[in-house]
A.B. asks: 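Pasting a structure below so you can have a look.
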Amino acid sequence: MSIASVTQVSRMLQIYNENGQLTATINVFSGLIDFTSQVVRVSHMDKVLAYSEYGHLISVSSQV
C-alpha cells in the first residue's frame, strides 16, 4: 500500500492509504506538511520529521 492522502483536523494529522483506509493519526502542533506515496514530512521550526504510512517516525533531520 501507499499513502494516498493526508488531512489535518485540529492538531491531528490523518494518513489514508490508496484504499481510503485510515492508517495512522499523528499529533502535530504546526508546520508545513507534504507527502509522497511513501512518506509524510512535517517541517516545524528547524526540524523535519518524516513518518511512514502507519505513523512510525522514520527520521528527524535539521532544515538548512
Side-chain angles (χ1 to χ4, degrees):
M1 293 290 168
S2 62
I3 298 169
S5 67
V6 175
T7 59
Q8 186 169 7
V9 179
S10 193
R11 289 186 170 186
M12 302 308 287
L13 190 66
Q14 298 173 332
I15 301 172
Y16 294 89
N17 68 16
E18 55 198 22
N19 290 337
Q21 297 170 316
L22 178 65
T23 57
T25 302
I26 304 167
N27 187 4
V28 294
F29 292 101
S30 65
L32 298 174
I33 298 163
D34 71 285
F35 71 96
T36 66
S37 63
Q38 301 299 314
V39 67
V40 176
R41 286 183 294 275
V42 179
S43 303
H44 179 67
M45 307 277 292
D46 63 343
K47 301 288 183 205
V48 178
L49 290 79
Y51 295 93
S52 73
E53 173 186 355
Y54 298 103
H56 300 129
L57 183 62
I58 299 171
S59 67
V60 177
S61 57
S62 296
Q63 288 185 355
V64 180

A.B. asks: What is the distance from atom CG of Leu13 to atom CG of Asn27, rounded to the nearest 0.5 Å?
C.D. replies: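 If I round to the nearest 0.5 Å, the distance is 9.5 Å.
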A.B. asks: List the residues meeting side chain to side chain donor-acceptor pair (under 3.5 Å) with Thr25, not counting sequence neighbours, and say none if there are none.
C.D. replies: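 Counting only residues at least two positions away or on another chain, Thr25 forms no side chain to side chain donor-acceptor pair (under 3.5 Å).
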A.B. asks: Return the minimal non-hydrogen interatomic distance between Gly55 and Ala24, and the atom names on each side.
C.D. replies: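 Heavy atoms of Gly55 and Ala24 come nearest at N-CB, 3.4 Å.
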A.B. asks: Please list, chain by chain and in numerical order, all residues satisfying side-chain contact (heavy atoms from CB on, under 4.5 Å) with Leu57, sequence neighbours excluded.
C.D. replies: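 Only Leu49, Tyr51, Val60 meet the side-chain contact (heavy atoms from CB on, under 4.5 Å) criterion with Leu57.
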A.B. asks: Among residues at least two apart in sequence or on other chains, which ones pass side-chain contact (heavy atoms from CB on, under 4.5 Å) with Ser5?
C.D. replies: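 side-chain contact (heavy atoms from CB on, under 4.5 Å) list for Ser5, sorted by chain: Tyr16.
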A.B. asks: OG of Ser62 to NZ of Lys47: how many Å apart, nearest 0.5 Å?
C.D. replies: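 Nearest 0.5 Å value for the OG-NZ distance: 3.5 Å.
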A.B. asks: Please name all residues satisfying side-chain contact (heavy atoms from CB on, under 4.5 Å) with Thr23, sequence neighbours left out, ordered by chain then number.
C.D. replies: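 Result, side-chain contact (heavy atoms from CB on, under 4.5 Å) vs Thr23: Ile15, Asn17, Glu53, Tyr54.
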A.B. asks: Listing request: all salt bridge (charged side-chain N to carboxylate O under 4.0 Å, His left out) pairs with a residue in residues 4-28, at least two apart in sequence or in separate chains.
C.D. replies: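 Matches after skipping sequence neighbours: none remain.
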A.B. asks: Going by the rule side-chain contact (heavy atoms from CB on, under 4.5 Å), which residues pair with Thr36 if we only count those two or more places apart in sequence or in a different chain?
C.D. replies: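 By the side-chain contact (heavy atoms from CB on, under 4.5 Å) rule, Thr36 matches Gln38, Val39, Arg41.
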A.B. asks: For Ser52 versus Ile58, what's the shortest heavy-atom pair and its separation?
C.D. replies: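 Looking at all heavy atoms of both residues, the shortest contact is N-CD1, 3.5 Å.
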A.B. asks: Under 4.5 Å between side-chain heavy atoms, hopping through other hydrophobics if needed: is there a path connecting Ile3 to Val28?
C.D. replies: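 Same cluster.
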A.B. asks: Rounded to the nearest 0.5 Å, what separation is found between the NE2 atom of His44 and the CD1 atom of Ile33?
C.D. replies: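 One finds 11.0 Å between NE2 of His44 and CD1 of Ile33.
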